[in-house]
S.K.: 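After the structure tokens below, expect a handful of questions from me.
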Amino acid sequence: VRKRVDFSRTAQNLGMPEPPRQKPAAAGKARILLPGPDAWKVPAIGLEEAIARRRSHRRFAAEPLALDELAFLLWATQGLRATTSSYENFRTVPSAGCRHALETYIAALRVQGLDKALYRYLPHGHALVEEARPSGLEKRLVEATLGQRFCGTAAATLVWTAVPERMEWRYAEASYKVIAIDAGHACQSLYLACEAVGCGTCAVAAYDQEKLDRLLGIDGEDEFVVYLALLAVVAILPFV
């Protein structure tokens with residue numbers, strides 16, 4: 001028997017304070033400001049064309065991803081699109097109740113202007129914060145994705161985590177459904193945005209939960225991985 005959610009007993013309706021809209025950067029961690037719309041060199045592309053060309057890529061070139069391309073793709077998937085005097089969490093992708101329970105981590109292997117490391121995107125401020133520099137990052141990405149070797153060849157990997165408290169504050173037990181839907185919104189926006197900048201992506205949902213949570217340094221309870229996607233210049237295969 002399905003249990004009906006008592007929304008009158010949610011944290012919001014009980015008057016509890018709203019959780020932070022993004023994880024703060026740890027003390028002493030410098031922010032890396034990202035290029036904004038005035039610096040992007042994004043070619044115009046029609047929506048119909050972007051949808052028709054959308055596909056998953058698993059073979060990547062060795063050349064690095066440009067920083068302004070990464071900045072655009074992060075904005076397209078979780079960036080702020082508007083603010084008002086009373087609310088500052090309107091983003092480029094939809095989210096149930098505008099709660100936006102996702103955090104975006106970047107495993108940067110070949111990104112111009114960035115050292116090889118794990119970063120986290122800060123939508124409020126359009127910036128990155130470096131989280132860690134784990135050794136053997138490519139190998140650990142492959143191990144965490146159940147041996148999928150192409151997962152260690154991308155220029156960067158976006159890893160979306162969920163902070164369920166943000167959604168539970170309003171939706172209680174119903175949160176697990178809409179968090180999954182929110183991740184789908186973000187990834188579809190990534191696919192279409194990749195067509196605009198001419199790079200490839202591939203969504204990945206097969207991974208070892210504990211290994212990937214551990215790689216990001218999160219506890220797997222108050223925050224846990226829900227989805228990831230690879231980013232890179234697409235390899236042009238020779239005719240044979």
Side-chain angles (χ1 to χ4, degrees), residues 1-26 47 51 54 73-106 119-129 131 144 158-193 201 203-229:
V1 178
R2 295 178 181 174
K3 181 181 178 181
R4 186 183 297 274
V5 178
D6 183 1
F7 289 105
S8 69
R9 301 294 298 172
T10 63
Q12 180 184 21
N13 284 326
L14 292 175
M16 299 176 67
E18 177 186 1
R21 295 169 187 168
Q22 76 180 14
K23 282 178 58 177
L47 178 60
I51 293 173
R54 184 224 61 81
L73 296 174
L74 289 170
W75 174 84
T77 52
Q78 282 293 293
L80 295 182
R81 62 175 175 81
T83 60
T84 68
S85 59
S86 60
Y87 198 69
E88 297 182 350
N89 207 27
F90 295 113
R91 302 196 187 182
T92 54
V93 293
S95 175
C98 206
R99 298 307 307 148
H100 295 291
L102 301 181
E103 290 281 339
T104 305
Y105 291 78
I106 305 95
Y119 300 87
R120 183 165 53 86
Y121 178 52
L122 306 176
H124 296 266
H126 189 54
L128 297 177
V129 60
E131 295 286 356
L158 301 190
V159 185
W160 290 292
T161 68
V163 180
E165 180 190 18
R166 287 186 208 151
M167 198 66 76
E168 292 168 350
W169 180 76
R170 177 168 292 172
Y171 294 116
E173 299 96 322
S175 298
Y176 73 93
K177 295 184 294 183
V178 288
I179 287 173
I181 292 169
D182 279 11
H185 293 322
C187 197
Q188 178 66 358
S189 288
L190 177 66
Y191 267 91
L192 299 181
T201 188
V204 176
Y207 55 87
D208 184 301
Q209 187 73 53
E210 291 185 359
K211 285 184 178 179
L212 202 47
D213 288 344
R214 191 181 310 122
L215 178 59
L216 298 185
I218 56 179
D219 65 8
E221 295 186 8
D222 294 329
E223 183 180 5
F224 49 85
V225 173
V226 293
Y227 210 8
L228 60 150

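Bear in mind the structure is a predicted one, so any value in this text is a computation, not a measurement.
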S.K.: Exactly one of R99, Q78, M167 should register a side chain to side chain contact (heavy atoms under 4.5 Å, CB included) with D182. Which one does?
M.R.: M167
S.K.: Taking the side chain as C-beta and beyond, is there a heavy-atom pair between T92 and S189 under 4.5 Å?
M.R.: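 No, side chains not in contact.
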S.K.: Taking the side chain as every heavy atom from C-beta outward, state whether T10 and W169 have any pair of such atoms under 4.5 Å apart.
M.R.: no
S.K.: Could you grab the distance from atom OH of Y171 to atom NZ of K177, nearest 0.5 Å is fine?
M.R.: 11.5 Å
S.K.: State, with a plain yes or no, whether a side-chain heavy atom of D219 is found less than 4.5 Å away from one of D213.
M.R.: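 With C-beta onward as the side chain, the pair stays apart.
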S.K.: Could you label the plane-to-plane angle of the Y227 and W160 rings as parallel, tilted or perpendicular, counting under 30° as parallel and over 60° as perpendicular?
M.R.: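 Answer is tilted, since the angle falls between 30° and 60°.
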S.K.: Take a 6.0 Å sphere around CD of E210 and say whether it holds more than 12 heavy atoms from other residues, nucleotides or ligands.
M.R.: no
S.K.: So V226 and L102, do their side chains get closer than 4.5 Å, heavy atoms only?
M.R.: yes
S.K.: Is the shortest side-chain heavy-atom distance between R91 and P123 below 4.5 Å?
M.R.: yes
S.K.: Begin from the C-alpha positions of R166 and E103 and carry the test salt bridge (charged side-chain N to carboxylate O under 4.0 Å, His left out) through to its verdict.
M.R.: CA-CA 11 Å; R166 287 186 208 151; E103 290 281 339; 2.3 Å; yes
S.K.: Could you tell me whether a side-chain N or O of Y176 sits under 3.5 Å from a main-chain N or O of P164, the two making a donor and an acceptor?
M.R.: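 Flag not set: sc Y176 to bb P164 has no pair under 3.5 Å.
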S.K.: How would you list, by chain and number, every residue that makes a side chain to side chain contact (heavy atoms under 4.5 Å, CB included) with V129, sequence neighbours excluded?
M.R.: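 Counting only residues at least two positions away or on another chain, V129 forms a side chain to side chain contact (heavy atoms under 4.5 Å, CB included) with A25, K29, R120, L122, E131.
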S.K.: Let's go through T104 and L74 carefully: what are the C-alpha distance in whole Å and the side-chain angles of both, what is the deciding distance for side chain to side chain contact (heavy atoms under 4.5 Å, CB included) to 0.1 Å, and is it a yes or a no?
M.R.: CA-CA 8 Å; T104 305; L74 289 170; 3.9 Å; yes
S.K.: Tell me, do Y105 and I218 make a side-chain contact under 4.5 Å, heavy atoms counted?
M.R.: yes
S.K.: Taking the side chain as everything from C-beta on, heavy atoms only, tell me whether V163 gets closer than 4.5 Å to D222.
M.R.: no
S.K.: Rounded to the nearest 0.5 Å, what separation is found between the CZ atom of R170 and the SG atom of C98?
M.R.: 8.0 Å
S.K.: Answer whether the closest heavy-atom distance between the side chains of L80 and F90 falls below 4.5 Å.
M.R.: no
S.K.: Assess whether side chain to side chain contact (heavy atoms under 4.5 Å, CB included) is satisfied between L128 and I106, documenting all intermediate values.
M.R.: CA-CA 9 Å; L128 297 177; I106 305 95; 3.7 Å; yes
